[in-house]
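Please read the structure below before turning to the comments.
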Amino acid sequence: MTLESDVSYLWDRYQDGLTAADATAEDAEILESFLSALESGDVRAAEKTGDDVTSWEANEWVKRGILLNFGLRATEPREHGGVTYYDVLPLRDTADLGERGTRNTPDGTVIRRGAYLGSDCIMMSPSFVNMGAHVGDGTLVDSCDTVGSCAQLGENVKLGANTLIGGVLEPIEDAPVVVEDGVSLGAGCRVTSGFRVGENSIVGENTLLTPRIPVYDLVEEEVLYGHLPAERRAFTRMVESSVGDHDLFEGGAYKPAVVATHVEEETLEATQREDALRE
């Protein structure tokens, strides 16, 4: 049997009432194998099936495997850095990171089991990478950043400080957030609800990217929802709201939107990667 079939079989039993107390040693071995496959990058929560950023498809069985690791494990006291905490999972073993040139600074970089970090990554403290997340080679996760469950970050991505990459578990989402290769997100950005950011795009500080906010793509002159095309410079602007003429809103009411345009050379220069950090 394959890992996918093992997880699917276990999921069916869980749906039929299997509990953590009833789970066998064989069941626990399946859960451990699944986490190891996520951490090695052999299994991912989503895959790109075409050339466009809209072609990403979620692997539903992977999400189920993650949910099983919560539903079929008991909360236990655990130790880290002399502190006792309570969780269903231990933190990820990071012994493999150093040999691949990946760094995580002390006192606040938390990597949960089932998270993948590629080579030459940098995690600054405090930051958090949740279960099922995939962080590609050369990616920078800066201070006060959160990478949510199953989020897919490509290679050479730069997350500015205080950036949130949403997950799929709570609130429940159908597909993970995707940030493709070479993307730079400015400080304070929020990418949520399965939004997909195309490769080599540059997003300005404090921009909220979510399927409920329109993206006005000035390159192709169209309004998009749920994704930002590749090689765009994006930033927040306010547009008139449908309640703009309401009596309670003196001077009009406005709502946020995202404007996307060409990436300019000076913008690229401002977001260049510092290779010395990874030597």
Side-chain angles (χ1 to χ4, degrees), residues 38-59 62 97 100-103 115-124 127 129-130 132-142 145-161 163-168 175-187 189-192 194-204 207 209 215 217 219-220 224 226-235 258 260-265 267-279:
L38 284 172
E39 292 173 2
S40 67
D42 294 332
V43 167
R44 295 182 63 167
E47 297 177 0
K48 193 174 185 180
T49 60
D51 296 330
D52 190 77
V53 69
T54 59
S55 68
W56 282 87
E57 295 184 3
N59 289 324
V62 175
L97 300 185
R100 291 185 284 115
T102 288
R103 291 179 278 146
Y116 171 83
L117 269 73
S119 300
D120 299 320
C121 296
I122 299 175
M123 279 192 65
M124 299 301 295
S127 58
V129 179
N130 206 351
H134 185 103
V135 180
D137 296 349
T139 287
L140 168 65
V141 179
D142 211 338
D145 290 347
T146 295
V147 181
S149 54
C150 297
Q152 304 292 294
L153 305 185
E155 297 181 2
N156 300 320
V157 170
K158 289 192 288 188
L159 303 184
T163 291
L164 169 66
I165 306 298
V168 301
V177 168
V178 174
V179 179
E180 292 192 332
D181 297 351
V183 169
S184 177
L185 299 179
C189 285
R190 302 289 185 268
V191 190
T192 69
F195 195 95
R196 293 157 290 176
V197 183
E199 61 184 15
N200 300 319
S201 289
I202 299 172
V203 181
T207 300
L209 298 175
V215 176
D217 184 13
V219 177
E220 297 294 335
L224 308 171
H227 73 278
L228 176 68
E231 299 181 348
R232 295 293 195 271
R233 179 172 66 92
F235 46 90
V258 175
T261 186
H262 293 284
V263 177
E264 301 167 348
E265 187 63 32
T267 306
L268 284 173
E269 292 174 355
T271 60
Q272 283 183 348
R273 161 176 157 159
E274 179 52 77
D275 291 331
L277 293 175
R278 294 164 179 82
E279 290 181 353

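Positions are given from 1, in the same order as the sequence printed here.
Listed for the S149 side chain is no donor-acceptor partner under 3.5 Å among the backbone atoms of G167. Under the 3.5 Å distance criterion, the side-chain polar atoms of R196 are left unmatched by any main-chain donor or acceptor of H227. The backbone N or O of D137 sits nowhere less than 3.5 Å from a side-chain atom of D120 that would complete a donor-acceptor pair. A donor-acceptor pair under 3.5 Å is absent between the side-chain atoms of S127 and the main chain of D145, judged by distance alone. Remark: the backbone N or O of G166 is not paired with any side-chain donor or acceptor of T146 at under 3.5 angstrom. With hydrogens and angles disregarded, a donor-acceptor distance shorter than 3.5 Å links the side chain of Q152 to the backbone of C150. Counting only distance, with no hydrogens or angles, the side chain of S201 and the backbone of E231 share a donor-acceptor pair below 3.5 Å. Here the side chain of R100 pairs a donor or acceptor atom with the backbone of L117 at under 3.5 angstrom. With hydrogens and angles disregarded, a donor-acceptor distance shorter than 3.5 Å links the side chain of N59 to the backbone of R44.
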Trace of the side chain to side chain contact (heavy atoms under 4.5 Å, CB included) decision for V203 with V191: CA-CA 10 Å; V203 181; V191 190; over 6 Å; no
Test side chain to side chain contact (heavy atoms under 4.5 Å, CB included) applied to L38 and V62, step by step: CA-CA 9 Å; L38 284 172; V62 175; 4.0 Å; yes
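Going from atom CG of L153 over to atom NE2 of H134 covers 8.5 Å, rounded to the nearest 0.5 Å. We find the CE-CG distance between M124 and L159 to be 13.0 Å, quoted to the nearest 0.5 Å. Note: R233 CZ to N200 CG = 15.5 Å, rounded to the nearest 0.5 Å.
In this structure, A46 and P176 approach most closely via the heavy-atom pair CB-CG, 3.8 Å. Of all heavy-atom pairs between A133 and V147, the closest is CB-CG1, 3.8 Å. The minimum heavy-atom distance between G154 and D181, with the atom names listed, is CA-OD1, 3.2 Å. Residue L224 comes nearest to D217 through the heavy atom pair CD1-CB, 4.1 Å, listed as atom of the first residue, atom of the second, then distance. Closest non-hydrogen pair, D52 versus S55, comes out as O-OG, 2.7 Å. Residues A115 and N130 approach most closely at CB-O, 3.6 Å, considering heavy atoms.
Contact check for T139 versus V179: no side-chain heavy atoms found under the 4.5 Å cut-off. Residues K48 and E180 are in side-chain contact: their nearest non-hydrogen atoms beyond the backbone lie under 4.5 Å apart. Between H262 and V219 there is a side-chain heavy-atom pair separated by less than 4.5 Å. For the pair V258 and V215, the minimum side-chain heavy-atom distance is below 4.5 Å. With a 4.5 Å cut-off on side-chain heavy atoms, V157 and V197 do not count as touching. By the 4.5 Å heavy-atom criterion applied to side chains, V129 and Y116 are not counted as neighbours. Between L185 and I165, the closest side-chain pair of non-hydrogen atoms falls below 4.5 Å.
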